[in-house]
Structure formats: C-alpha cells, structure tokens
There are 2 protein chains.
Amino acid sequence: MDAQQPRWLTDEEMQTWLALARVLIRLPAALDDQLQRDAGISHFEYQVLAMLSGAPERTLRMSALAVFAGGSASRLSHVAGRLERAGWVRRTPDPADGRGTLATLTDAGWEKIAATAPGHVETVRALVFDPLTRVQQRQLGDIGRRIARTVDPDGSDLDSFSG
Amino acid sequence: MDAQQPRWLTDEEMQTWLALARVLIRLPAALDDQLQRDAGISHFEYQVLAMLSGAPERTLRMSALAVFAGGSASRLSHVAGRLERAGWVRRTPDPADGRGTLATLTDAGWEKIAATAPGHVETVRALVFDPLTRVQQRQLGDIGRRIARTVDPDGSDLDSFSG
DNA sequence: CGCAAATGCTTGACGTGTCAAGTAGTTTGC
DNA sequence: GCAAACTACTTGACACGTCAAGCATTTGCG
C-alpha cells in the first residue's frame with residue numbers, strides 16, 4: 001500500500017494486462033447484449049434456466065441453484081420472482097424440508113432455454129474460439145484453469161453445460 | 001436461434017469455456033473487492049483517478065476521460081460527482097469550448113491514487129501472472145489481444161498504464 | 001448573420017444487485 | 001419435549017449503471 005514494492009509490471013506484462021482487462025470488460029458485456037437482444041434475458045437468468053434444464057426433474061433447491069448459477073441467495077430470490085412472473089419457473093415448498101424451496105422449469109421455460117441456447121453458444125464460439133488457433137484454444141484452457149483456481153480456490157466446478 | 005446449429009461445443013471447448021467463464025466472473029469481482037477493501041473505491045473510480053494521474057496537467061476532458069476509463073459519459077458524470085465530493089477531482093469549464101468540462105486530479109486525489117496503485121498492481125500480479133509460467137504469460141498476451149480485437153474491434157487501446 | 005443541427009455534459013427515473021434484517025421451519029441439547 | 005441455535009429463503013432500503021430527456025454551447029450553411 002505504501003511506497004514502491006519490488007514488483008511493478010514490465011512492459012510486456014502491462015500489454016498483456018491491458019488486453020486481458022479489455023476482455024474482462026467487453027466479453028461479458030457482449031454476451032449479455034446478445035442474450036438481451038435475442039432473448040430479453042440477462043446472462044444470470046440464462047444460467048438459472050440452463051441449470052434447471054439440466055437438472056433431474058428440471059428441479060433444484062434454491063440454495064443449490066444459487067451456487068450453480070453463481071449468485072447469492074438473495075439475487076436468485078429476486079430473479080426467481082421475475083422468472084416466475086414470466087411463467088418460466090415455478091417455486092414450490094420442499095416437502096422433505098419445509099424451509100427449502102424447489103425451483104422447477106416449466107414447459108414454457110424449457111422452450112425458452114431451448115430456443116435461446118444455440119444462439120448463445122454460437123456467440124461464445126464466435127467471440128472466444130474462432131479468433132484462436134487450435135493450439136491457442138488448448139493453451140487458454142490451461143491458463144484459464146490456473147487463474148480460476150487462484151482467484152476462486154474453492155469454486156466447485158460450476159457444473160455441467162451452460163453456454 | 002432455432003434448432004440445432006452445426007457448431008456445438010466439444011468437451012474440451014466446454015471445459016475451456018467453463019474455466020474462462022469462472023475467470024470472467026470472479027477476477028473482476030476479486031479486483032473490485034481488493035480496491036473496495038483497501039481504498040474504498042470501485043475499479044471504475046480507480047481507472048478514472050489513474051487516467052487523470054497519467055495525463056498532462058493531470059487534466060482531461062470528460063469525454064476523453066470516459067473513453068479512457070471505459071465507461072459512458074453518463075456513468076462518468078455520476079462518478080465525477082462523487083469523486084469531486086470526496087475532494088479528489090475538480091471540474092472546470094473548458095475555456096476553449098464552453099460545452100466541454102475539464103476534470104483535474106487534485107493533490108488529495110494524487111495522493112489517493114499513489115497510495116492505492118501499488119497494492120492494486122500487486123493483486124493483479126498475484127491473481128493473473130503468478131499462477132502462470134513465463135511462456136503462458138506470453139501466450140495469454142496474444143490470446144487476449146485476439147479476443148479483445150474480436151469483441152471490441154474499434155477499441156482504441158485504452159491507453160497508458162493503469163493497473 | 002441567423003437558425004437548425006450537432007456536440008458535451010448533466011440529470012432523473014428506473015432496473016438490478018447487495019447487504020442487513022426478518023420470517024418460517026428444523027435441529028440440538030438438556 | 002421445549003427452548004435456543006441454526007438453516008433456507010424472502011424482503012426492503014440503498015447504491016450504482018443505463019437510458020432517455022434536457023440544457024447550454026458551438027458549428028454548419030443558406
């Protein structure tokens with residue numbers, strides 16, 4: 001916090017960091033824009049629907065869903081309210097534990113995610129994989145895993161598919 | 001948008017994308033947390049102060065500052081209001097063009113950024129560079145530039161240093 | 001010149017996330 | 001078998017970003 005530490009960034013590191021920072025800002029924004037434009041939902045809402053679509057009975061407890069979708073319980077609660085109003089999700093008390101709430105994907109919700117996923121995956125491919133050589137794609141996998149492990153050590157692999 | 005397109009993701013691509021998605025969510029959050037904890041400012045506010053600190057006369061027009069800091073004019077206007085209230089920035093009409101506004105870093109603002117930057121750079125180093133080999137750091141630079149160029153084609157290199 | 005269009009910035013309403021509290025149900029320990 | 005502690009979720013106030021006006025100034029052009 002004070003004075004010059006012995007580890008500033010070299011020119012090359014700075015160039016790398018600037019490029020990465022741009023990706024960190026623009027890529028999520030671009031993905032959100034695509035979803036908003038084509039489906040009228042946020043990336044987090046997409047994740048919620050996607051996680052439910054891949055779960056047994058298309059149903060998950062709110063607490064589990066929050067972890068898989070990568071958000072807080074509060075955030076999920078707000079979003080679930082909207083998704084329920086839209087008719088894509090239904091919430092019912094967990095019969096096995098009265099405290100819990102089960103979120104279930106409705107048929108309309110399933111159609112929504114089925115209609116939305118291909119376009120979203122296509123966007124991911126176009127923005128992330130297409131600009132890279134096959135070798136770089138593999139390098140990015142290793143690099144991403146290393147940074148992810150550092151930044152979020154106990155981040156259970158967030159699960160299954162999604163896009 | 002409809003039906004199965006011919007380009008889904010392979011298993012390896014999916015693993016790569018999951019790792020990258022985790023980085024995309026967690027790394028900005030971690031950097032924001034560090035700044036909030038150690039300096040009580042957001043990453044965007046940091047960028048604003050950093051850009052001003054590197055500008056001639058520690059002064060930039062609001063419109064230019066918005067581009068360099070990577071935000072909209074409106075967002076910058078709100079933030080500049082807060083930074084001005086904190087005593088770190090001063091706004092004055094541009095004498096050369098009555099429409100314009102010049103933002104200047106005050107002495108207090110300079111001290112703020114000088115005290116904050118080393119810790120922030122250290123965090124970037126710890127989270128991004130330390131987990132990678134030297135070779136991977138160079139690979140990441142190339143990969144980042146390619147994706148950045150794709151996702152934000154006319155993104156003038158956002159400028160100078162920052163952390 | 002003079003007025004319409006363009007530019008630069010600010011403002012306010014709105015949506016969404018966070019944080020802190022609140023409610024309901026369940027487990028623990030005596 | 002009951003009270004205290006804990007767990008699961010919801011709610012409401014607040015902060016911040018966006019979007020659509022709005023205002024002031026400048027530029028373009030007949």
Side-chain angles (χ1 to χ4, degrees), chain A residues 24-26 28-37 39-49 51-52 59-86 89-104, chain B residues 24-26 28-37 39-49 51-52 59-86 89-104:
Chain A
L24 250 30
I25 301 278
R26 299 298 179 188
L31 293 173
D32 256 323
D33 283 356
Q34 180 267 324
L35 281 173
Q36 198 64 53
R37 187 162 20 81
I41 60 178
S42 70
H43 191 267
F44 183 69
E45 290 169 325
Y46 176 86
Q47 290 280 34
V48 169
L49 298 179
M51 289 301 134
L52 283 178
T59 297
L60 285 172
R61 292 197 60 173
M62 292 292 281
S63 42
L65 182 52
V67 173
F68 292 154
S72 67
S74 174
R75 181 177 185 186
L76 176 59
S77 193
H78 285 295
V79 165
R82 287 172 234 152
L83 295 178
E84 200 165 32
R85 245 171 279 127
V89 165
R90 191 177 37 240
R91 277 181 291 186
T92 56
D94 182 346
D97 181 340
R99 295 169 297 184
T101 301
L102 300 177
T104 302
Chain B
L24 250 30
I25 301 277
R26 299 297 179 189
L31 293 172
D32 256 324
D33 283 356
Q34 179 267 325
L35 281 172
Q36 198 64 52
R37 188 162 19 81
I41 60 178
S42 69
H43 191 268
F44 183 70
E45 289 170 325
Y46 176 85
Q47 290 280 34
V48 169
L49 297 180
M51 289 302 136
L52 284 178
T59 298
L60 285 172
R61 293 197 58 171
M62 292 292 282
S63 42
L65 183 52
V67 173
F68 292 154
S72 67
S74 173
R75 182 177 184 183
L76 176 59
S77 193
H78 285 295
V79 165
R82 288 172 233 152
L83 296 179
E84 201 165 31
R85 246 172 279 126
V89 165
R90 190 177 38 240
R91 278 182 291 186
T92 55
D94 182 347
D97 181 341
R99 294 168 299 183
T101 301
L102 299 178
T104 302

With sequence neighbours left out, what residues match L35(A) under side-chain contact (heavy atoms from CB on, under 4.5 Å)?
H43(A), Y46(A), T116(A), H120(A)
Restricting to side chain to side chain donor-acceptor pair (under 3.5 Å), what partner residues turn up for T59(A), sequence neighbours left out?
T104(A)
Spacing of I41(A) atom CD1 and Q47(A) atom CD [to the nearest 0.5 Å]
10.0 Å
Once side-chain contact (heavy atoms from CB on, under 4.5 Å) is applied, do any residues pair with A30(B), and if so which ones, sequence neighbours excluded?
V151(A), L127(B)
Listed partners of S42(A) passing side chain to side chain donor-acceptor pair (under 3.5 Å), at least two apart
E45(A)
Compute the angle between the rotation axes at the two ends of the helix from dC1(C)-dG30(D) to dC30(C)-dG1(D), each taken over five pairs, rounded to 10 degrees.
10°
Residues in residues 95-104 of chain B with a heavy atom under 4.0 Å of DNA chain D, by number, are D97(B), G98(B), R99(B)
Which nucleotides of nucleotides 11-22 of chain D have their base under 4.0 Å from a protein heavy atom (B), which only their sugar-phosphate (S), and which neither (-), written as one string 5' to 3'?
BB---SSBB---
Walk along DNA chain C from 5' to 3' and tell me the first and last nucleotide with an atom closer than 4.0 Å to a non-hydrogen atom of chain A.
dT16(C) to dT26(C)
Spacing between L76(A) atom CG and dT7(D) atom C1', to the nearest angstrom:
16 Å
Kindly indicate whether the side chain of P28(A), heavy atoms from C-beta on, has any atom under 4.5 Å from the side chain of I25(B).
no
Kindly give the heavy-atom pair with the smallest separation between A103(A) and L52(A), and that separation in Å.
O-CD2, 3.4 Å
Under the side chain to side chain donor-acceptor pair (under 3.5 Å) rule, what pairs show up with a residue in residues 91-102 of chain B, not counting sequence neighbours?
E84(B)-R91(B), D97(B)-R99(B)
Which pairs of donor and acceptor atoms, one on a side chain in residues 64-83 of chain A, lie under 3.5 Å apart (sequence neighbours left out)?
{"unit_1": "S72(A)", "atom_1": "OG", "unit_2": "R75(A)", "atom_2": "N", "d": "3.0"}

Please name all residues satisfying side-chain contact (heavy atoms from CB on, under 4.5 Å) with S63(B), sequence neighbours left out, ordered by chain then number.
R61(B)
